[in-house]
Amino acid sequence: MVKIYNSLTKTIEEFHPIKENEVMIYVCGPTVYNYIHIGNTRPVIFFDTVVRFFKYLGFKVTYVSNYTDIDDKIINRAKEEHITEEQVTEKYILAFEKTCERLNCLRLDFNPRVTENMSGIIDFIQLLVSKDGAYEVDGDVYFDVAKDPDYGILSGQSIENMLNGVRIDPNLRKRNPIDFNLWKETAEGKNWPSPWSQGRPGWHTECVVMINSIFHGKIDIHGGGSDLKFPHHENEIAQSVCANGHKLANYWMHNGRIDMEGEKMSKSLGNVVWAHELLDRIDYQTFRLMVLNVPYRQPMNYKEELLEQAKKDSEKIYRSYLTIFRQLELSEKTKPAEDEEIKTLRAGFVDAMSDDFNTANAITSVFQMTKLANSLLREKEQNLPRMTAALNLFGDMLWVLGMNFEIKPLSETDVSLVKKWHEARKNKDFQLADELRQQINAKGIIL
Ligand SMILES: [Zn+2]
C-alpha cells in the first residue's frame, strides 16, 4: 500500500486511487522565459520517479504538466532579446524538453499551454462570475476569497492572518485586499478579447482549467514545489471549490526547494546553477542520485561535495550492475529464480518507495543490491538462476529511480573474445591476455 504525505490534511495517508489501478497526476510546470536551474529540476526528477514507481506497481498513469506561456517575465524577455513572445516560449520550451530528456524523464501524456486554452479559461472565469465567486471591476476580474470558507486550508493560515501579512494593496477596487486576479485588462504583450476587456488571464486559473479539460473531474495527485502552496495552489483550490464543488485533487504533494551552499538560489546573488550546464559536466545518473538522495519534502542544500559523493556512488552502482550484466552475458541463459534474500531486498525497496516515496531509503536498498551482486559474483559455483533474478531486480530498481544504465550488449564474436581473455588469464598466459585485452579495448567493449 502506497502512503503519501498529503499537504492538504498534513498527514500521511494511504493512497486510494479514484479509478481502480489508475493514477491521474498533474504537476505545475515552468513559466517558459528562461533555462531551468537545478532547483527547478527537483519536481521534474521527483515526480518522474513517482510516476515510474506507480508504473512499476502496474498502475496506468496519466501524467500532465503545463507550460505557462504568457507572463510579464516572457514579455520582458521578448523585449530584451528583440524577439516575439512566441519565439521566447518556443525557445525555452524546447530547452526545457531537452533538459528533461537529458535527465532521462519519461515523456508526459499532455503538456497543455495557456495560449492553447484561452477560450476554456474565459469560459471558466465566466462560470466563477456567474456563481458569484468572482466579480468584475472596470475590465478586471477578481476572485472573492471571502466566498470560500476554507480559504487558507492548504497553507494553514486564516484569512485574518493573511490580511495582517499583506501590504495594503493600493487597488481599492478589490472587495478584499487578498482577492486575486483572474483577468486583467492590458494592451501590453499578447492579449485576447473577453466579455470584460481586451487582456489576459492571471496565473492561478490555467491549471484548474487544464485539469478540468483533460481529466473531466477530480484527480488523484496534484504536485509542485513547496513555494507554490501559497498563493498558487491555495487559489487553485478556491476556484475549483467554487466551480466544481471539490478541492481539485485528493492528494497534494510538495517538494522542498534546493538551496545553494545554504543560500537561496537567485540571479541577483549570482549563485544560480543551470541544469543544462551541470549536465555538460556530469552524467544524468549522478544528477538524479544526488537529488533523490534527499527525502523530497526536506530542503536540499546543493554543494560540490554532494555532487562528488553522488559521482562516486553512481560509479559504484554502475560498476556492480555492469559486472553482473557482463557475467550473465558470458554464461548460458537461464530462467531467473528469486530466493528469499532477493525477495526481501525487493520488498525493502518497494516498502521504501511506498513510504511516501522515500527515495533515500530506496537508494540504500540499491547499495544492498550492489553488495549482493558482488557476493554472487565471488561465489565459486555460480548460481545463474539466482544471479539472473538479482540482475532483474537491480534493473527494476534502477528503472524506478530513472538511472537505467544502458549497456551495449556483446555480439557473439565479442563474447568469444572476452571468454578467450578470461581463459588466458586463468592459464596465466599474460602475454596473450594482454593482447586480447588490447583487442577488447580497441573494440570499445566496456567490462
Ligand atoms: Zn498550477
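Indexing begins at 1, ligand by ligand and atom by atom, following the structure's order. Because the structure is predicted, anything quoted here is derived from the model rather than measured. Reckoned from all heavy atoms, side chains included, excluding hydrogens, waters and symmetry mates.
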Could you name each residue pair satisfying side-chain hydrogen bond (donor to acceptor under 3.5 Å, both in side chains) that touches residues 123-132, not counting sequence neighbours? Asp132-Lys147
Listed as residue and atom, the protein N/O/S atoms under 2.8 Å from the Zn ion (ligand 1) are Cys28 SG, Cys207 SG, His232 NE2, Glu236 OE2
Non-neighbouring partners of Phe59 that pass ring-ring contact (aromatic ring centres under 6.0 Å, His included), sequence neighbours left out: Phe54
Verify the distance criterion only: is there a donor paired with an acceptor across the side chains of Glu97 and Tyr67 at less than 3.5 Å? yes
Salt bridge or not for Arg257 and Asp259, using N-O below 4.0 Å? yes
Kindly check if the number of other-residue, nucleotide or ligand heavy atoms within 6.0 Å of CG (Leu269) is above 12? yes
How would you list, by chain and number, every residue that makes a ring-ring contact (aromatic ring centres under 6.0 Å, His included) with Phe394, sequence neighbours excluded? Tyr321
